[in-house]
Amino acid sequence: MNRSLPRRLWVTFSAHVIGIYASILNNFRSKGGEHIPRHGGVLLAANHISAYETIFLPWAVVRLFPMSLLWAPAKEELFRKPFQRWLYSSWGAFPVRRGRDLRAGKVINELLVDQRVMLFPEGTRHRDGRLGKGNRGVGKIIYDTRPTVIPTALVGLNHWKFPGLRQDGLVVFGAPLDFTDLYQQPDVKETHQLIVDRVMAAIAELLKEEGAYAGEC
């Protein structure tokens with residue numbers, strides 16, 4: 001994956017342009033950034049309530065770590081038009097086919113050696129703010145790559161309209177999760193599900209702390 005200086009300059013610049021809209025014209029805030037490691041493979045595992053997350057979450061990370069990238073798998077439909085394909089790709093997104101995409105899985109595993117990657121374990125948006133069940137495929141990724149996993153709670157973005165002003169939004173980065181006990185279990189689907197269930201439980205706790213927990217789907 002391209003990690004060149006021009007690309008990192010572009011991402012830092014464009015993230016700050018997005019930040020003007022998100023955090024100055026509106027009120028998108030972040031908490032818990034101190035939990036994100038400066039180095040090593042990091043997985044930001046977030047709830048999925050809005051399409052805005054794919055641009056605002058990178059802003060929350062790049063403002064803390066200028067000249068860095070936040071990689072993200074995205075549905076392949078977003079890459080069909082040439083301009084969209086260039087734009088999303090330039091920000092660190094890469095296409096994923098519906099169902100089991102072995103190539104995308106390999107890319108994610110390679111990135112998690114030393115890069116930051118954001119994933120939405122639910123696999124689909126829940127605009128009502130409720131948490132869906134985590135996909136055990138994310139548990140398998142965590143089991144195989146052993147990254148630092150940061151539970152990430154997004155609040156309020158499902159109510160945003162574009163264009164809009166003075167809208168409230170929040171991202172909360174939680175403390176890294178410990179899977180030591182589960183890493184000692186067999187590499188089977190039941191273990192993978194327990195891993196992702198722990199991730200979703202941590203996201204739920206963050207939402208509860210912010211008074212934003214809406215229950216499960």
Subject >> Donor-acceptor pair, side chain of N135 and main chain of P121, under 3.5 angstrom >> reply: no
Subject >> Validation row: V199, V138 side chains within 4.5 angstrom (heavy atoms) >> reply: no
**OP:** Check whether any side-chain heavy atom of V171 sits under 4.5 Å from a side-chain heavy atom of T152, and report yes or no.
**Re:** yes
Subject >> Backbone of L9 reached by a side-chain donor or acceptor of T12 within 3.5 Å >> reply: no
**OP:** Please work out which of the three classes, parallel, tilted or perpendicular, describes the rings of W10 and W86, given edges at 30° and 60°.
**Re:** tilted
Original post:
Taking it one step at a time, do E122 and M200 satisfy side chain to side chain contact (heavy atoms under 4.5 Å, CB included)?
Top reply: CA-CA 9 Å; E122 296 161 282; M200 300 311 296; 3.7 Å; yes
Subject >> Side-chain donor/acceptor of S23 to backbone N/O of I20, under 3.5 Å >> reply: no
**OP:** Mind running side chain to side chain contact (heavy atoms under 4.5 Å, CB included) on I142 and Y183 for me, showing each step along the way?
**Re:** CA-CA 9 Å; I142 294 171; Y183 290 155; 3.3 Å; yes
Original post:
More than 12 heavy atoms of other residues, nucleotides or ligands under 6.0 Å from CZ of R3: is that the case?
Top reply: yes
Original post:
Do you see a donor-acceptor pair shorter than 3.5 Å between the side chains of H48 and E53?
Top reply: yes
Original post:
Has the side chain of T191 got a donor or acceptor atom that lies under 3.5 Å from a matching backbone atom of P186?
Top reply: yes
Original post:
Looking at L207 and V155, what are the two nearest heavy atoms and their distance?
Top reply: CD2-CG2, 3.8 Å
Subject >> Distance-minimising heavy-atom pair for A153 and L206 >> reply: CB-CB, 3.6 Å
**OP:** Would you sort out whether V107 and W71 count as a side chain to side chain contact (heavy atoms under 4.5 Å, CB included), showing the intermediate values?
**Re:** CA-CA 10 Å; V107 171; W71 304 92; over 6 Å; no
Original post:
Would you say the side chain of V42 lies within less than 4.5 Å of the side chain of P176, judging by non-hydrogen atoms?
Top reply: no
Original post:
With hydrophobic residues grouped by side-chain heavy-atom distances under 4.5 Å, do V62 and L64 end up in a single group?
Top reply: yes
Subject >> Trace of the side chain to side chain contact (heavy atoms under 4.5 Å, CB included) decision for I195 with V149 >> reply: CA-CA 11 Å; I195 289 173; V149 179; over 6 Å; no
Original post:
Can you name the closest pair of heavy atoms from S68 and V11 and give their distance?
Top reply: O-CG1, 3.9 Å
**OP:** Please confirm whether H35 and F173 have ring centers closer than 6.0 angstrom.
**Re:** no
Original post:
Are the side chain of N27 and the backbone N or O of R166 linked by a donor-acceptor pair below 3.5 Å?
Top reply: no
**OP:** Verify, without hydrogens or angle tests, whether D168 (side chain) and G156 (backbone) share a donor-acceptor contact under 3.5 angstrom.
**Re:** no
**OP:** Give the minimum heavy-atom separation between R130 and C217, together with the two atoms involved.
**Re:** CB-SG, 3.7 Å
Original post:
How far apart are the closest heavy atoms of R8 and M67, and which atoms are they?
Top reply: CD-O, 3.0 Å
Subject >> Single-linkage hydrophobic cluster, 4.5 Å side-chain cutoff, I18 and L165 together >> reply: yes
**OP:** For R116 and R38, indicate whether the former's side chain and the latter's backbone hold a donor-acceptor pair under 3.5 Å.
**Re:** yes
Original post:
Between the main-chain N or O of K161 and the side-chain N or O of Q167, is there a donor-acceptor pair closer than 3.5 Å?
Top reply: yes
Original post:
So, the side chain of R198 versus the backbone of D178: is there a donor-acceptor pair under 3.5 Å, distance only?
Top reply: yes
**OP:** Group every Ile, Leu, Val, Met, Phe, Trp and Tyr by side-chain heavy-atom contacts under 4.5 Å, then state whether L69 and V17 land in the same group.
**Re:** yes
Original post:
Are any non-hydrogen side-chain atoms of Q115 and E110 less than 4.5 angstrom apart?
Top reply: no
**OP:** Look at atom NZ of K208 and say whether more than 12 heavy atoms of other residues, nucleotides or ligands are closer to it than 6.0 Å.
**Re:** yes
**OP:** Group every Ile, Leu, Val, Met, Phe, Trp and Tyr by side-chain heavy-atom contacts under 4.5 Å, then state whether L57 and L25 land in the same group.
**Re:** yes
Original post:
What do you reckon, is CZ of F13 surrounded by more than 12 foreign heavy atoms closer than 6.0 Å?
Top reply: no
**OP:** Using atom types as modelled and distance alone, determine if a side-chain donor or acceptor of Y52 lies under 3.5 Å from a backbone N or O of F162.
**Re:** yes
Original post:
Which of these, I49, N47, L154, sits in a side chain to side chain contact (heavy atoms under 4.5 Å, CB included) with F120?
Top reply: L154
Original post:
Are side-chain heavy atoms of W91 and T54 found at a separation under 4.5 Å?
Top reply: no
Original post:
Considering all heavy atoms of both residues, which atom of L70 and which atom of P58 are nearest to each other, and what is their separation?
Top reply: CD2-CA, 3.7 Å
Subject >> T145 side chain reached by V113 side chain, heavy atoms, under 4.5 Å >> reply: no
Subject >> Within-4.5 Å side-chain heavy-atom neighbours: K140 and D187 >> reply: yes
Original post:
Hey, what's the ring geometry for F56 with F28, parallel, tilted or perpendicular (30° and 60° as the breaks)?
Top reply: tilted
Subject >> Distance-only side-chain donor-acceptor flag, W160 / S50, under 3.5 Å >> reply: no
Original post:
Is any side-chain heavy atom of F94 less than 4.5 Å from a side-chain heavy atom of L111?
Top reply: yes
